[in-house]
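A quick write-up on the structure given underneath.
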Amino acid sequence: MSKLSERDVCSKFITPALVSAGWNLQTQIREEVSFTKGRIIVRGKLHSRGKGKRADYVLYYKPNQPIALIEAKDQTHSLGAGMQQGLDYAETLDIPFVFASNGSGFLFHDRSGNAAATETELALADFPSPAELWQRYCAWKGLAGDALATVETPYYDDGSGRVPRYYQVSAVNRTVEAVARGQDRILLVMATGTGKTYTAFQIIWRLWKSKIKKRILFLADRNILVDQTRSNDFKPFGPAMTKIEKRQANKAYEIYLSLYQAVTGNEEEKNIYRQFSPDFFDLIIIDECHRGSAAEDSAWREILGYFSGATQIGLTATPKETKEVSNIHYFGEPVYTYSLKQGIDDGFLAPYKVVRIDIDKDLQGWRPARGQLDKNGRLIEDRIYNQKDMDRVLVLEKRTELVARKITEYLAATDPYAKTIVFCDDIDHAERMRQALVNLNPQRVKENRKYVMRITGDEQEGKAELDNFIDPESRYPVIATTSKLMTTGVDAQTCKLVVLDQRIQSMTEFKQIIGRGTRINEDYDKFWFTIMDFKKATELFADPAFDGDPVQIYEPGADDPPVPPDEPEDEEQDPLGDGDGAGDTGLPPFGGDGPEGEGRVKYVVGGEVPVYVVAERVQYYGPDGKLITESLKDYTRKAVRKEFASLDDFLRRWTDTEKKQALIEELEAQGVLLEALAEEVGKKQGKVFDPFDLICHVAFDRPALSRKERAEQLRKKDVFDKYGEQARAVLDALLDKYADEGIESIEDIKILTLHPFSRFGTAPELIKSFGGKPAYLDAVQQLEKQLYNVG
């Protein structure tokens with residue numbers, strides 16, 4: 001008797017058992033739940049997606065309240081064969097109860113630790129009811145009495161079918177449960193680009209609707225964040241919501257949004273938050289709490305101290321932990337963390353390449369001649385100036401030009417209209433960089449003067465273009481030069497290039513800057529981004545405090561285009577945007593420098609001092625986060641030999657693989673950069689090589705043939721003689737396609753509908769000339785076998 005398939009097991013046994021146990025088929029049972037999108041794998045200038053994770057069943061007590069997971073297997077497997085996979089998924093989804101089944105019953109694993117036995121076998125008829133599992137769930141979470149009503153309050157549903165991502169569900173549920181249990185200080189850590197504001201909205205909505213929290217204050221440190229929040233994620237609050245502005249405290253609302261500077265000031269009478277009684281708010285959400293609220297003496301903490309009786313929830317992508325400042329000391333350990341690395345692995349955040357460009361004067365230093373004056377007639381102090389001085393104490397105009405030229409070359413070689421943020425050391429540096437980029441892009445600037453814009457807090461026209469820069473539908477500005485204004489909270493979904501010409505020593509700031517590029521926007525072909533580093537800031541990738549390893553790091557040589565195979569803005573008078581309470585940002589001034597001309601002297605040196613890019617090298621970050629420096633060939637050799645013990649082992653796999661492209665993609669997913677390798681090897685030999693030859697040549701020292709050479713070699717063998725004239729014409733055209741485009745181009749049968757095959761007949765006619773589809777596919781396989789001459 002044949003065994004039932006997995007799908008039959010689900011439809012004939014598992015689903016009926018669930019319905020019999022009282023689970024609602026429409027609202028509580030979801031089958032084949034895809035909860036990750038699959039990591040984006042970058043291949044040179046191309047990308048693909050890895051496989052996402054999908055659970056066979058997720059069971060919900062209420063919408064977005066998952067409490068159980070089932071992994072099914074066909075009847076050739078044992079009862080518990082899916083358990084380990086189920087436990088892995090349940091850990092990710094924060095689900096306590098896991099079931100495995102092959103249709104004969106269930107193996108039940110209780111992750112809560114409250115059961116007499118961790119794993120037990122159940123008959124199909126004994127599957128627990130929703131009420132039974134919910135009772136166990138509440139016991140696990142420590143929920144009882146009034147807390148249950150809060151936890152059971154539904155999410156906001158706009159009717160569009162939009163559902164939160166799995167990690168947003170976990171973050172919301174854990175936070176609401178913590179508040180329901182009476183926890184009054186809560187920290188939520190979510191990587192930039194993962195929807196912190198939407199998550200905060202759902203938390204507030206459920207607590208507000210349950211009436212456990214009636215007056216709520218949402219604090220942010222930038223005007224654009226408050227306005228984006230009000231008009232987008234928080235819009236459903238409608239007339240119950242207001243924004244505190246013009247120092248007016250209207251007490252008729254329930255949801256208040258505020259720039260923290262709008263409720264504080266340097267003088268006591270300007271602290272309008274004191275117009276509210278200390279118990280007016282019962283919930284305060286602090287966005288980007290790694291900034292001011294972490295510091296004991298900041299204005300943020302003054303507000304939080306005044307409303308100390310309120311439940312306070314801190315949101316951040318980068319919790320700050322130093323000797324002087326600690327989020328965890330104030331809020332406690334995070335109730336939930338969703339890291340950059342996890343976001344990239346899940347496919348919700350964009351991975352990145354790194355282009356490292358070291359400049360000779362930065363690394364080797366520069367010393368002025370005795371008595372040398374700068375362009376402004378200042379006597380340059382006699383000492384050695386190096387990277388930490390560049391653009392802060394010493395301006396080398398040729399260095400600025402070099403950085404601008406490398407940015408321009410990269411954009412010209414990839415996409416001249418790719419949104420680009422150039423992080424500079426201060427406003428003066430950002431202005432000089434703007435000028436250099438304008439001069440190097442005259443045609444683009446002629447098309448539109450806003451091709452390059454300085455967007456800093458001191459200049460209204462630049463700040464006015466920030467919305468256009470982050471709007472995916474607005475082409476201009478393309479390049480934004482800035483220092484600190486765009487480091488936090490700027491939702492630049494289509495930013496494809498982040499340039500670091502700023503000395504960054506803070507891990508928190510580094511993560512925030514990197515976060516400007518991590519958003520994915522598939523509609524605008526934004527799946528990954530590039531970091532171009534001129535100040536060695538990306539060495540922080542090797543720091544254990546950083547997560548989310550780059551896909552590639554490349555350092556171009558002096559003659560190569562860089563294309564692989566704010567300190568607080570102390571000059572700003574109103575860095576936060578609306579004139580309400582400029583001043584304390586809760587951040588220490590960079591190096592203690594005051595505004596330009598007060599404590600810092602800049603020497604400006606013209607074209608008499610040349611600068612160069614140092615020698616090329618390729619770097620990769622290993623799984624342990626440590627920097628690996630070696631040639632691309634050596635790296636490929638190690639990666640391939642880790643996968644294949646010998647040349648024979650590789651040849652055997654290549655021959656046995658029905659579609660070669662599948663094996664190529666598998667290697668690329670393991671980190672073998674075939675496109676970059678093809679550029680390097682082909683450039684030296686002036687040929688275009690197949691992945692097969694690249695691997696054999698680089699990993700196993702076998703002589704390489706170009707695709708054209710392989711095709712011509714096969715034509716000389718007269719292997720097409722057994723076919724008729726029409727079939728021979730098809731095979732000959734397939735060889736031409738292989739020589740021009742590679743093996744993947746000939747493995748798809750749809751190629752027969754394209755030129756030049758359409759000249760020989762319709763696709764059905766061409767397939768018929770081989771004797772049918774199986775015979776055609778066999779002919780292509782024989783062609784590949786002869787092409788590679790491997791048995």
Side-chain angles (χ1 to χ4, degrees), residues 43-44 46 565 647 650-668 672 674-675 677-679 681-700 702-791:
R43 308 195 311 262
L46 305 176
L647 175 61
F650 170 70
L651 295 179
R652 199 161 34 247
R653 278 283 303 282
W654 184 267
T655 305
D656 292 345
T657 301
E658 187 174 331
K659 285 204 170 186
K660 312 307 179 196
Q661 185 60 20
L663 183 54
I664 292 168
E665 289 174 359
E666 184 182 323
L667 285 166
E668 288 174 332
V672 178
L674 289 170
E675 187 170 322
L677 189 67
E679 274 191 35
V681 176
K683 186 177 179 181
K684 290 180 179 178
Q685 300 192 30
K687 298 178 180 179
V688 179
F689 292 107
D690 189 277
F692 173 84
D693 279 285
L694 285 172
I695 293 166
C696 290
H697 175 62
V698 172
F700 302 109
R702 176 171 166 160
L705 294 176
S706 70
R707 291 203 302 253
K708 187 175 180 181
E709 287 169 338
R710 283 203 172 275
E712 291 305 317
Q713 193 178 70
L714 182 55
R715 280 195 176 96
K716 294 174 182 177
K717 294 182 179 179
D718 297 327
V719 295
F720 301 160
D721 288 352
K722 65 179 181 178
Y723 298 102
E725 182 179 350
Q726 192 176 33
R728 286 202 305 272
V730 170
L731 293 170
D732 197 57
L734 285 174
L735 272 183
D736 287 336
K737 278 286 184 185
Y738 163 78
D740 290 339
E741 300 175 19
I743 192 67
E744 65 274 16
S745 67
I746 72 172
E747 291 192 327
D748 190 342
I749 198 169
K750 292 178 183 176
I751 197 173
L752 297 180
T753 63
L754 306 177
H755 181 80
F757 301 95
S758 54
R759 293 188 325 197
F760 312 140
T762 65
E765 288 171 348
L766 299 181
I767 291 170
K768 188 177 180 181
S769 72
F770 286 88
K773 184 176 178 180
Y776 169 76
L777 295 176
D778 182 66
V780 173
Q781 271 198 308
Q782 291 303 314
L783 174 67
E784 289 182 355
K785 186 176 180 181
Q786 293 292 331
L787 192 61
Y788 294 110
N789 192 26
V790 288

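Please read these numbers as outputs of a predicted model, since none were measured by experiment.
- Annotation: side chain of Ile749 is in contact with side chain of Ile767 (closest heavy-atom distance under 4.5 Å).
- Considering every non-hydrogen atom in both Ile746 and Val780, the closest pair reads O-CG1, 4.0 Å.
- Between Asp778 and Lys785, no side-chain nitrogen of the basic residue sits less than 4.0 Å from a carboxylate oxygen of the acidic one, so the salt-bridge criterion is not met.
- Residues Arg728 and Asp721 share a closest heavy-atom pair of NH1-O, 4.2 Å.
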Margin query: Apply salt bridge (charged side-chain N to carboxylate O under 4.0 Å, His left out) to residues Arg707 and Asp693 and explain how you reach the verdict.
Written below: CA-CA 9 Å; Arg707 291 203 302 253; Asp693 279 285; over 6 Å; no

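- Using a distance-only test at 3.5 Å, with no hydrogens or angles considered, no donor-acceptor pair links the side chain of Arg710 to the main chain of Phe689.
- Note that CH2 of Trp654 and OH of Tyr788 are 4.5 Å apart. Values are rounded to the nearest 0.5 Å.
- Summarising the geometry, atom CD1 belonging to Ile664 is positioned 6.5 Å from atom CG belonging to Asp690; distances are rounded to the nearest 0.5 Å.
- In terms of modelled atom types and a separation under 3.5 Å, the side chain of His697 and the main chain of Pro703 share no donor-acceptor contact.
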Note to self: Between Leu783 and Leu714, is the side-chain contact (heavy atoms from CB on, under 4.5 Å) condition met? List the steps.
What the structure shows: CA-CA 9 Å; Leu783 174 67; Leu714 182 55; 3.3 Å; yes

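- Arg715 and Glu712 get closest at one heavy-atom pair: NH1-OE2, 3.0 Å.
- Taking every heavy atom of both residues into account, Ser769 and Gln726 meet most closely at CB-OE1, 3.3 Å.
- Of all heavy-atom pairs spanning Cys696 and Leu647, the tightest one is SG-CD1, 4.0 Å.
- In this structure, Leu735 and Leu787 have side chains that are in contact, with non-hydrogen atoms separated by less than 4.5 Å.
- Sequence neighbours left out, the pairs with a member in residues 707-766 that pass ring-ring contact (aromatic ring centres under 6.0 Å, His included) are Tyr723-Phe770.
- Using a 4.5 Å heavy-atom threshold, the side chains of Lys737 and Pro756 count as touching.
- Separating the CD atom in Gln786 from the CD atom in Gln782 is a distance of 7.0 Å, to the nearest 0.5 Å.
- Taking 4.5 Å as the limit, some side-chain heavy atom of Phe692 sits within range of a side-chain heavy atom of Leu651.
- Under a 4.0 Å N-O distance rule, the pair Glu765/Lys768 does not qualify as a salt bridge.
- Looking at every heavy atom in both residues, Arg653 comes nearest to Thr657 through O-OG1, 2.6 Å.
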